[in-house]
Every structure is written in C-alpha cells, then in structure tokens.
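The structure appears right after this line, and notes come after that.
In the text below, chain A, chain B and the rest are named by the order of the sequence lines, each starting its count at 1. Below, all heavy atoms of this structure are taken into account, side chains as well, without hydrogens, waters or symmetry copies.
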There are 2 protein chains.
Amino acid sequence: MPANLDDTDHRLLELLQHDSGRTLAALGELVGLSPSAVQRRIDRYRANGLLLREIAVLDPSPVLLAVCLVTLDQESPETHTRFREWVLAAPEVQQFYNVSGEHDYVVVLATTDMRHHRETAERVIKNAPHLRRYSTMFVLDPVRTTLTVPTRGN
Amino acid sequence: MPANLDDTDHRLLELLQHDSGRTLAALGELVGLSPSAVQRRIDRYRANGLLLREIAVLDPSPVLLAVCLVTLDQESPETHTRFREWVLAAPEVQQFYNVSGEHDYVVVLATTDMRHHRETAERVIKNAPHLRRYSTMFVLDPVRTTLTVPTRGN
DNA sequence: CGCGGGCACACAAGATTATTGCGCGAAAGT
DNA sequence: ACTTTCGCGCAATAATCTTGTGTGCCCGCG
C-alpha cells in the first residue's frame, strides 16, 4: 500500500472498488477533479501495483459455493508448494488462502451443483498431495461477496 | 443462471470475470463477434441480473484478512436478521456467508493491521447480537482471491 | 410448402469517452 | 531568491461506445 495516498486517492479507490464502470468524468465529479486528473491517478495505481485488474461480478446465488477448511499432513515448504500448485490448477477454486491456526488453508470452491461439487472436491482437495483432513461448509446464502480492502492505514 | 446461454456467452462471461477492462472490439476478436454484438450480449447479462457490477481489484497483500467462523446462540429468523444487519453495517466486512454445518456464518474481515483488526472484530463480531462463539483464522497469504463463478450447468 | 415474425448479426454513422500534449501554478529543493 | 518537480485543467484528437438499419436465419403457423 503506497504511503503517499491523499484523501482523494482513498475516495477514488473506494469508488473504484465498488463500481469500476463509471466514466472518468463521473468519477471526477464525485471527487472534485477533472477527468484527465482522475485518469492519471488511476494510471498511477496500476503502475505501482496497487490496482491489479477490473473484473465483472456475476450473481453468485445460482452457484454452489463451498468453504473448505484444509489441514496438511506435514509442515514444510515442499508440501505447501505441491499442495498449492495442485489446488491452483483447478478453475473451480474461487478463493484460496493460507491461514493461521488449526487449519492450513481455506479454499472456496464454486461449482454449478452438488454433483459438480462432489467431483470437484474429490479431484481438487481429497486427491491433493499431502492432505491430512478437510471439512466443508456449504454456503446457504452469499450475504456479501466483495473483494474490497481498506486503503487508509497508519 | 439463464438457461439459454450459448457457448459464446459462456466464453464472454469467463473473459469478463477475469478482465472487464477489455474493449468491446478486443472481446469481439476473442469470441468472433462484432463489437456491437458483444455489447448487446453484455447488456442482456445486466438486464437479466446475471452481471451485477464491475469492480476494481486492489492488491490484497498489504491488508490483514481474517476468516471468522461464527456460531449464533439460537436458531430463529429473528436472530439471523439481527445478526446480519449488525454485521452488514461494517464496511470492513469483505465477505459474509451463511453456511451449513457446525458454524452459522463465515465472515471475512479486511483491515489495515492487527490493531484495526482487534477493534473491528470486537465491534462487528464480539459485540454482535446473538453471538455464541467465534474463531478467527488470519490469512498468511491470499493465494487466489477472485469472485469467478461457473456458468455452464446442466 | 410458403409466409410472417422474431431474433441476432454486421456495418456505419453519430455521440460519448478516453487519451495526450500544453501551459500554468504550487510546492519542494537548492 | 531561483530552479525543478509535480499535478492540475483545458483543449484537441483518437478511440470507443451506442444506436439505427438492413440482412439472413430460424421457427411456428396456416
């Protein structure tokens, strides 16, 4: 997170994280800059690696999401590397976090139905190298699904 | 998920979920359509509720993500409604899922550092109505963070 | 079977937006 | 003080989006 973001930067990043489809002119109206100044700031966010990409968000409600808590059978860089490569090869892996605590990873699988989930969970997780155990929580309702992060720090 | 998506729709939605910054002409090149045909399809996805919005994705690595597993003290529509409203009021709540199994909710908090996390977790979760217990897993490495969903179903 | 309607397409024209260069002022550095 | 750097708005140009039109294809109906 670059240390030199001013208040306008924070507001722009907030707006962009919620809706990146606005025109530069509309954004400029909201933060008090001209369209070209807005664009230059956005270019800077991209150039310094802060803004990674823009994505279209589809309605998650027809999809079967499953949050899987995964524990590996041993702790070493090699086991983690192999496990990650295995899991990352699957496009159904929507999210994948290495976490602290009694589990090693949280994996969110996005599939079209229960049959697809079972096939996916077996291929991606159950058959993964170095798996010790895993548990699955099915998402009954995706109440909020965003990727927003705070930009204001110390 | 609309039942009448053809192969070109699936490919477009896949491309858009990964990168919504391409021009209509670039997308059309990739799927074999003119720019205006691409646009009409995208308009249809928006009109039928499949495409919700476009967002900018920031680099999550400077941020402290915490995956919280939450269990409520009783099971009723009222407790769930009150809990949800409480949690949804917090902008630090990046993701919020109602799940099956021994926990009721998975909540992903996005904060700038540990102090911010502690303050947030106390306000948003510990002080939430109807909380029975919760546990937290800190994200050591956000290996993959997307919101992509599959569009091909039965 | 032919016909009409609906649908999706490409193309083209016009509208809108993005991009870029320029001059200016403010802030920082010497 | 002067110089340099940086970010700005403005304006011109280029690129992209939007929309209307004509065409072809498909389907259902008489």
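- Between A:E54 and B:V57 there is no side-chain heavy-atom pair separated by less than 4.5 Å.
- Evaluation of atom-type donor-acceptor distances gives no pair under 3.5 Å for the side chain of A:S36 against the base of D:dC8.
- The side chain to side chain donor-acceptor pair (under 3.5 Å) analysis of residues 29-38 of chain A, with sequence neighbours excluded, yields the pairs A:S34-A:S36.
- A donor and an acceptor atom sit less than 3.5 Å apart, one in the side chain of A:R40 and one in the base of D:dG9.
- The CD atom of B:E29 sits 14 Å away from the C1' atom of C:dA10 (whole-angstrom rounding).
- Put simply, the side chain of A:R46 does not reach to within 4.5 Å of the side chain of A:R53, judged on heavy atoms.
- The distance between atom CG of A:L33 and atom C1' of D:dG9, rounded to the nearest whole Å, is 10 Å.
- Rounded to an integer number of Å, the gap from A:R44 CZ to D:dT5 C1' is 13 Å.
- Within 3.5 Å, no donor on the side chain of B:T23 pairs with an acceptor on the base of D:dC17, nor the reverse.
- Taking atom CG of A:L5 as the reference point, atom P of D:dG7 lies 12 Å away to the nearest angstrom.
- As rounded to whole Å, 15 Å separates atom C1' of D:dG20 from atom CG of B:D43.
- Rounded to whole angstrom, the span from the CZ atom of B:R41 across to the P atom of C:dC7 amounts to 14 Å.
- B:L24 places its CG atom 12 Å from the P atom of D:dT19, with the value rounded to the nearest Å.
- With ring centers used as reference points, B:Y105 lies under 6.0 Å from B:F83.
- At whole-Å resolution of the value, CG in B:L27 and C1' in C:dC9 are 17 Å apart.
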